[in-house]
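Following: one structure in structure tokens, then a few remarks.
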Amino acid sequence: MLKTCAKPLIFLYIVVLTAFQAQAEQSFKVSTWNMEWFVSEGNKRFTPSLRSNADFHKMAHYFNELDTPILAFQEVGDSQALQHLFGNDYVLFMSDRSKPNNRQLQYDDINQYTGFAVRKDIEVKDVADFSLLPKQRKDKLRFASYIVVEPNSAAPVHLLNVHLKARCSGGYKNNSACKTLKIQGEALNQWLRERETNNERYIIVGDFNHNLSFKHDWLWQVLSKSTDAVLATRDVSAKCKVRSRKNPQRTHQFRSLIDHMVVSPDIDVVEIKQNLYQSQDVLDYQLSDHCPITSTFR
């Protein structure tokens with residue numbers, strides 16, 4: 001009788017183990033895209049914001065190519081502009097800085113916000129955004145947008161979207177831009193330490209306005225100090241071609257990557273890449289001066 005029961009029990013064990021492994025190895029995709037002054041009504045002071053219907057349509061084409069359930073966006077001025085891309089298939093989480101109670105941190109004519117577009121079949125918890133600068137600083141810079149993906153699952157992921165201070169892309173200099181960027185890096189380091197203290201999985205994505213991949217990069221050392229954070233984009237090549245600012249009839253290729261993804265060590269990167277534009281599309285349409293980064297995690 002014992003021999004008769006053994007085979008069904010072994011079969012049941014294999015089925016349960018296989019199901020558990022499949023759940024444990026479930027993958028998901030996240031994309032980050034600085035969309036360059038992406039607003040529903042442009043402003044003549046910022047030429048890239050003046051987009052035609054054809055431009056919006058082409059941006060939607062490149063978004064569809066991402067085939068991403070989660071998009072972390074930067075430089076978006078309003079939710080109406082994003083409707084050109086997503087329709088009603090995604091839930092939008094605009095930065096808290098865009099809300100009426102933060103009117104003092106907004107410009108009167110045009111703004112740049114961070115945020116998320118999440119496909120409706122994915123459960124997320126919208127956590128309060130926060131500034132990466134001290135409270136006494138009234139700079140109208142972008143908040144860090146914050147959501148938790150699948151908060152009620154066995155393995156929730158804390159996802160942070162940033163757009164850091166520009167004009168300090170290389171070595172540290174004793175100027176205002178680098179000082180501000182250092183403060184933001186220290187704030188992110190504190191956030192990472194809190195996540196690791198709580199044994200929480202995390203991903204930071206966005207426009208860091210800085211190449212973290214440089215050997216012994218100072219900002220990466222500040223950001224990752226006393227953490228186990230992994231720079232997932234360290235080996236991603238910068239191949240993005242955008243419209244040249246000096247000559248709009250030509251393309252320009254950036255030499256280094258400033259859009260990054262930072263992950264906790266318990267998240268495996270299955271694939272990560274920069275999604276490129278067709279060169280002729282760059283010349284024919286107002287796209288963006290950043291190409292999206294997409295990664296599949298497990």
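Here the CG-CD distance, from Leu223 to Glu186, works out to 10.5 Å after rounding to the nearest 0.5 Å. Rounded to the nearest 0.5 angstrom, Leu85 CG and Phe73 CZ are separated by 10.5 Å. Interatomic distance, NZ of Lys29 versus CZ of Arg119, reported as 9.5 Å (0.5 Å rounding). Here the CG atom belonging to Asp129 is positioned 8.5 Å from the OG atom belonging to Ser98, to the nearest 0.5 angstrom. Distance check, rounded to the nearest 0.5 Å: NZ of Lys225 to CD of Gln190 gives 11.5 Å.
Proximity of Ile203 to Leu160: side-chain heavy atoms (C-beta onward) are nowhere separated by under 4.5 Å. The shortest distance between side-chain heavy atoms of Val30 and Thr68 does not fall below 4.5 Å. Under the 4.5 Å side-chain criterion, counting only non-hydrogen atoms from C-beta, Cys291 is not in contact with Asn275. Between Lys125 and Glu150 the shortest side-chain heavy-atom distance does not fall below 4.5 Å. In this structure, the side chains of Asn211 and Asp217 stay at 4.5 Å or more apart for every pair of heavy atoms. With contacts defined as side-chain heavy-atom distances shorter than 4.5 Å, the pair Leu219/Leu181 qualifies. Counting only heavy atoms from C-beta outward, the side chains of Gln83 and Leu92 approach each other to under 4.5 Å. In this structure the side chain of Arg97 reaches within 4.5 angstrom of the side chain of Asn111, judged on heavy atoms.
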Practice prompt. Determine, step by step, whether Ile272 and Ile293 satisfy the side-chain contact (heavy atoms from CB on, under 4.5 Å) criterion, reporting the C-alpha distance in whole Å, the side-chain angles of both residues, the deciding distance to 0.1 Å, and the verdict.
Written response: CA-CA 7 Å; Ile272 187 166; Ile293 301 285; 4.2 Å; yes

Worksheet item: side-chain contact (heavy atoms from CB on, under 4.5 Å) between Ser295 and Glu271: does it pass, once the steps are laid out?
Response: CA-CA 5 Å; Ser295 182; Glu271 181 185 32; over 6 Å; no

Fill in: Check against side-chain contact (heavy atoms from CB on, under 4.5 Å), Val230 and Ser264
CA-CA 6 Å; Val230 176; Ser264 55; over 6 Å; no

Worksheet item: Do Lys120 and Asp89 pass the side-chain contact (heavy atoms from CB on, under 4.5 Å) test, and can you show the C-alpha distance, the side-chain angles, and the key distance before you say yes or no?
Response: CA-CA 6 Å; Lys120 288 185 175 180; Asp89 297 331; 5.9 Å; no

Worksheet entry | Evaluation steps, side chain to side chain donor-acceptor pair (under 3.5 Å), between Gln74 and Tyr113 | CA-CA 6 Å; Gln74 302 90 42; Tyr113 299 121; over 6 Å; no

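Relative orientation of the Phe86 and Tyr90 rings is tilted, given thresholds of 30° and 60° on the angle between their planes. Ring geometry for Tyr277 versus Trp33: interplanar angle of 30 to 60°, hence tilted. Ring geometry for Phe28 versus Phe297: interplanar angle of 30 to 60°, hence tilted.
Partner of Asn209 under the side-chain contact (heavy atoms from CB on, under 4.5 Å) criterion, chosen from Ile258, Val162, Asn34, Asp259: Ile258.
Taking the six-membered ring for Trp and the full ring otherwise, Phe38 and Phe56 have centroids separated by under 6.0 Å. Between His216 and Phe214, the distance from one ring center to the other does not fall under 6.0 angstrom. A ring-centre distance under 6.0 Å is found for Trp218 and His210.
Side-chain contact check for Asp281 and Tyr62: at least one donor-acceptor pair (N or O, by modelled atom type) lies under 3.5 Å. For the 3.5 Å distance criterion, the side chains of Ser244 and Asn247 fail to qualify, holding no donor opposite an acceptor. Using a 3.5 Å distance cut-off with no hydrogens or angles, the side chains of Asp78 and Ser40 do pair a donor with an acceptor. For Ser288 and Glu75, the side-chain atoms include no donor-acceptor pair closer than 3.5 Å. Defined by atom type and a distance below 3.5 Å, a donor-acceptor pair is missing between the side-chain atoms of Tyr107 and Gln112.
More than 12 heavy atoms of other shown residues, nucleotides or ligands fall within 6.0 angstrom of atom CD in Glu65.
Relative to the six-membered ring of Trp191, Arg195 meets both conditions, a distance below 6.0 Å and an angle of at most 45° to the axis.
For the pair Arg243 and Asp289, the salt-bridge criterion is not met [side-chain N within less than 4.0 Å of a carboxylate O]. Note on Lys99 versus Asp96: salt bridge recorded, some NZ/NE/NH1/NH2 to OD/OE distance being below 4.0 Å. By the 4.0 Å N-to-carboxylate-O rule, Asp109 lies close enough to Arg45 to be salt-bridged with it.
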